[in-house]
Q: 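Could you have a look at this structure, given as C-alpha cells, before my questions?
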Amino acid sequence: MNPFPLDRFTAFFLERQFAIKERLSPAYRNYVFGPEAVSTIDMAASFEAVCFLFGLCAFRRPESILDLGTGISSAIFRLSRRMAEGPCEVTSLDASAACGSTAEFIPPGTPGCEVTSLDASAAWLEKSRAYSLKTAGDDQGFFTWEAYAGREPFDLVFVDIDYTPNRPAYYDPVLTRFTKKGSLVVFDDMHSRILSAAYRETVAGHPHVEYDIKSLTFDFFGRFSTLIQMG
C-alpha cells in the first residue's frame, strides 16, 4: 500500500482552492441560503469540507465513493463525476455555472466513478436525491442505511451520517463493512468531543494511518474533519 501523499495533495489543493470554491459556491449557497434551501449553514457539511472532498476526488480519482449521510456532499460527489464524463451544463439552480474559465485548472474526477449515498432517514434521503438531481443531474445510487445490502469496499468514504449522539454506532460497521486496505475515510465533525472520542476508540481496532487535515477543513464554526487510510 502506498501511503497517501498528504504534502503533495496539500500543494495540489491549495493551488486550486480558489478555483474550486468558485466552482462550488453557487451550489452551496443555494443549498443553505437559496429560496428553496434544503438545510442551514450550521447543519450542512461545511463549505470547507465539501471543497476538500471535491479536491480529493480530483487528486485521487477514486473509482468508488461511499457518501455516508446524504446532503450537499451527495451533489458535490456527483458533480465531480459529471465533470469527468462530459461537457458541463448549467442546471436550473445554476450550480454548474462556473464551468467556464476555471474548468481546465481543476482536473476532473473519475469517469464512471460509482457514488453510493446512504442515510438513516428516508425523508432526508429524498431531499438530498432531489437536490442532487437539480445540481448534478443525477439522482441514482441513493439508499437508506437499513435497505442497502451491499458489502463491497469503497475507495473513498465520507462519514457524516445521522445526528451526533447516534453517529458513533456507525463507525465500526463502516470500517468493517465498506473499507479495504488503502481506502481513504474522511470523518467529519471532529470538533465534537463525543464524535472524536468515539472515532479514537473505533479506529484503534483497525489498522490505519491518520492524516491531519484540520487546517484544510476548518470552518467558521470550528468544525473540521480527519482523514485516515486503512492499513
Q: For Asp7, which residues count as a side chain to side chain contact (heavy atoms under 4.5 Å, CB included) partner, sequence neighbours excluded?
A: none

Q: Would you confirm whether Thr176, through its side chain, and Pro173, through its main-chain N or O, come within 3.5 Å as a donor-acceptor pair?
A: no

Q: Taking only residues at least two apart or on different chains, which pairs with a member in residues 192-231 satisfy ring-ring contact (aromatic ring centres under 6.0 Å, His included)?
A: Phe4-Tyr211, Phe187-Tyr199

Q: Within a radius of less than 6.0 Å around NZ of Lys180, do more than 12 heavy atoms belonging to other residues, nucleotides or ligands occur?
A: yes

Q: Is the shortest heavy-atom distance from the side chain of Val186 to the side chain of Phe52 under 4.5 Å?
A: yes

Q: Would you say the side-chain atoms of Arg78 pair up with the backbone N or O of Gln140, donor to acceptor, closer than 3.5 Å?
A: yes

Q: Any non-hydrogen side-chain atom of Thr135 less than 4.5 Å from a side-chain atom of Asn30?
A: no

Q: Report the residues that fulfil side chain to side chain contact (heavy atoms under 4.5 Å, CB included) with Ser39, sequence neighbours left out, ordered by chain and then residue number.
A: Tyr31, Met43, Ala44, Trp124

Q: Within 45° of the six-membered ring axis of Trp145 and under 6.0 Å from that ring's centre, is NZ or CZ of Arg177 located there?
A: yes

Q: Return the OG1 to CG distance between Thr116 and Leu118, rounded to the nearest 0.5 Å.
A: 6.5 Å

Q: So do Gln229 and Met1 actually touch side chain to side chain, heavy atoms under 4.5 Å?
A: yes

Q: Does a side-chain N-to-carboxylate-O contact under 4.0 Å join Glu48 and Lys21?
A: no

Q: Would you find a donor on one side and an acceptor on the other, under 3.5 Å apart, between the side chain of Arg223 and the backbone of Asp42?
A: yes

Q: With the side chain counted from C-beta on, respond yes when Leu56 and Leu184 share a heavy-atom pair under 4.5 Å apart, and no when they do not.
A: yes

Q: Does the side chain of Asp172 come under 3.5 Å of the side chain of Thr202 through a donor N or O and an acceptor N or O?
A: no

Q: Verify, without hydrogens or angle tests, whether Arg16 (side chain) and Phe12 (backbone) share a donor-acceptor contact under 3.5 angstrom.
A: yes

Q: Does the side chain of Val159 reach to within under 4.5 Å of the side chain of Asp188, using non-hydrogen atoms?
A: no

Q: Give a yes or no on whether Phe33 and Tyr131 share a hydrophobic cluster (residues Ile, Leu, Val, Met, Phe, Trp, Tyr; joining criterion: side-chain heavy atoms under 4.5 Å apart).
A: yes

Q: Hey, is CD on Glu126 packed in by over 12 heavy atoms from elsewhere, all under 6.0 Å?
A: yes

Q: Return yes if some donor-acceptor pair links the side-chain N/O of Asp219 with the main-chain N/O of Gly222 below 3.5 Å, else return no.
A: yes

Q: Determine whether Phe154 and Ser183 make a side-chain contact, defined as any pair of heavy atoms from C-beta on separated by less than 4.5 Å.
A: no

Q: Are Thr70 and Arg129 packed together at the side-chain level, in the sense that at least one heavy-atom pair is separated by less than 4.5 angstrom?
A: no

Q: Do the rings of Phe59 and Phe9 sit parallel, tilted or perpendicular, given the 30° and 60° boundaries?
A: perpendicular

